[in-house]
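I have placed the structure first, in the form of structure tokens, so that the comments after it can refer back to it.
Values reported hereafter were calculated over all heavy atoms of this structure, with side chains retained and with hydrogens, waters and symmetry mates removed. Position 1 is the first residue of the sequence; numbering continues from there. Quantities reported herein were computed from a predicted structural model and do not represent experimental measurements.
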Amino acid sequence: MIRIRFTAEDFARVRFAARAAPVPELNAAFMMMFGGGDELLHDRWRRRVLRSLPDAVAPLADLVPAGDPPLFLDVLGETLTEGLDLVEAAPSELVRSELERVYAGRPSPRWIRELHAGGAGARHVLRRAQRAAFEKVVAPVWAQVQDLHRAEFTRHAVTVAEHGVGAALPALVPGTRLRDGVWEWAAPEPREIPLAGRGLVLLPTFHWTGRPLVQDLPDRPVVVTYAAGPGLPLTPDAAPGTDDSLATVLGRTRLELLRALADAHTTTTLARRLGISNATASAHASALRGAGLITTTRAGRSVEHRRTALGDLLVGDGS
């Protein structure tokens, strides 16, 4: 059982990653590729991707000699360059301790020994391998990952607005529960993780289908990466449209209302535009406002609604 302990202060420090993170998504894809499982659904994808990998990717296999990757690969970063910079800048003591952990009792390749010794050349080898892997595995479906992330972000924001953080956490990950300030789920090995004011970052991944993955490093927010994809391999020719993804979590009427608010509207004009009653328009606006997607201000005897920057981000530029 994994148990993450919250104080009252910690609940105020829960945040959802605003954008998809390229390096964690790459890590999730590689775990899915080499970790086995879901053979019926993923074997064809595994074979296709493995055949496409260039030689420059080979060093990544050396980093996971027993299926357990070193923790210095677990970084966020909203762009690939930012994520690779964070890996390259990992503290030397963390790199050494993690390589010693994953290679305990095993012989290591020369470049891994150089990485352990702090060699800049070895860090560049790792960076090239990660970039080459991203370009082949994740880049072809990155637009799809971004669409799915926006939809998942919306689902979380709406749940928090309507039911609170206490209901939102178990809703994100089926099979987990929150009770007495402890978020917990089944796992092969027990772990107790006190947040102690560090904060919690929720990061969906769309390649992984297993249990939530927890990054717990000293003096950093705890990061919970959880499976949020369709359960099938992502392929470039099957990317869902943003409208369909958002409509699934918002509802079609709420999505139409959000799109209509590229310009300010009163409740009455929204109702007329969408063909619904004033009461229904007001209720949908209230839910979107609670999720931080629109703002509402009084204008004389009526109120005006308009999209926030977050609402703009979710619907993109197609309004």
- Task: Applying side chain to side chain contact (heavy atoms under 4.5 Å, CB included), run through R47 and R44 and close with a yes or a no.
- Result: CA-CA 5 Å; R47 291 195 298 270; R44 181 176 296 178; 4.1 Å; yes
Contact check, side chains of [X] and [Y], non-hydrogen atoms, under 4.5 Å:
X: V57; Y: K136; result: no
X: F34; Y: L50; result: yes
X: Q146; Y: R19; result: no
X: V141; Y: H207; result: yes
X: R128; Y: R131; result: no
X: H265; Y: H305; result: no
X: I4; Y: R191; result: no
X: L63; Y: P70; result: yes

- Query: Under the salt bridge (charged side-chain N to carboxylate O under 4.0 Å, His left out) test, which residues partner R101, sequence neighbours left out?
  - Reply: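 In terms of salt bridge (charged side-chain N to carboxylate O under 4.0 Å, His left out), with neighbours along the sequence ignored, R101 is linked to D68, E98.
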[X] side chain to [Y] backbone, donor-acceptor under 3.5 Å:
X: R155; Y: A171; answer: yes
X: N27; Y: L73; answer: yes
X: R123; Y: E88; answer: yes
X: T308; Y: G292; answer: yes

Verify same cluster id: [X], [Y] (apolar side-chain graph, 4.5 Å):
X: L293; Y: V303; result: no
X: I2; Y: V182; result: no
X: V102; Y: V64; result: yes
X: L261; Y: I276; result: yes
X: V165; Y: L195; result: yes

- Message: With side chain to side chain contact (heavy atoms under 4.5 Å, CB included) as the criterion, how do L202 and L169 come out once you've worked through the C-alpha distance, each side chain's angles and the decisive distance to 0.1 Å?
- Response: CA-CA 9 Å; L202 301 167; L169 292 177; 3.8 Å; yes
When rounded to the nearest 0.5 angstrom, what is the spacing between [atom1] in [X] and [atom2] in [Y]?
X: R252; Y: L257; atom1: CZ; atom2: CG; value: 13.5 Å
X: L234; Y: E25; atom1: CG; atom2: CD; value: 7.0 Å
X: T205; Y: E152; atom1: OG1; atom2: CD; value: 11.0 Å
X: T154; Y: H149; atom1: OG1; atom2: NE2; value: 9.5 Å

My understanding is that only residues two or more places apart in sequence, or in another chain, count here; which of them pass side chain to side chain contact (heavy atoms under 4.5 Å, CB included) with [X]?
X: S97; answer: L94
X: E304; answer: A264, T266, T297, A299, R306
X: L213; answer: M31, W208, T225

- Task: May I ask you to decide if the ring planes of W185 and W183 are parallel, tilted or perpendicular, using 30° and 60° as cut-offs?
- Result: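 The arrangement is perpendicular - the two ring planes meet at more than 60°.
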- Step-by-step side chain to side chain contact (heavy atoms under 4.5 Å, CB included) determination, L217 to F72: CA-CA 10 Å; L217 295 175; F72 60 81; over 6 Å; no
- Can we say D43 and R46 salt-bridge, meaning some charged N sits less than 4.0 Å from an Asp/Glu carboxylate O? yes
- Item | salt bridge (charged side-chain N to carboxylate O under 4.0 Å, His left out) partners of residues 204-218, not counting sequence neighbours, each pair once | R198-D216
- Query: For E9 and R13, which heavy atoms make the closest approach, and how far apart are they?
  - Reply: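 Shortest heavy-atom separation between E9 and R13 comes out as OE2-NH2, 2.8 Å.
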- Message: Heavy-atom count check: over 12 atoms from other residues, nucleotides or ligands less than 6.0 Å from R106 CZ?
- Response: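 Yes, CZ of R106 has more than 12 neighbouring heavy atoms, counting only those of other groups under 6.0 Å.
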- Residues sharing V223's hydrophobic cluster, by side-chain heavy-atom contacts under 4.5 Å among ILVMFWY, directly or via others? L76, V201, L203
- Decide yes or no on side chain to side chain contact (heavy atoms under 4.5 Å, CB included) for T269 and R273, but give the supporting numbers first. CA-CA 6 Å; T269 59; R273 177 167 178 168; over 6 Å; no
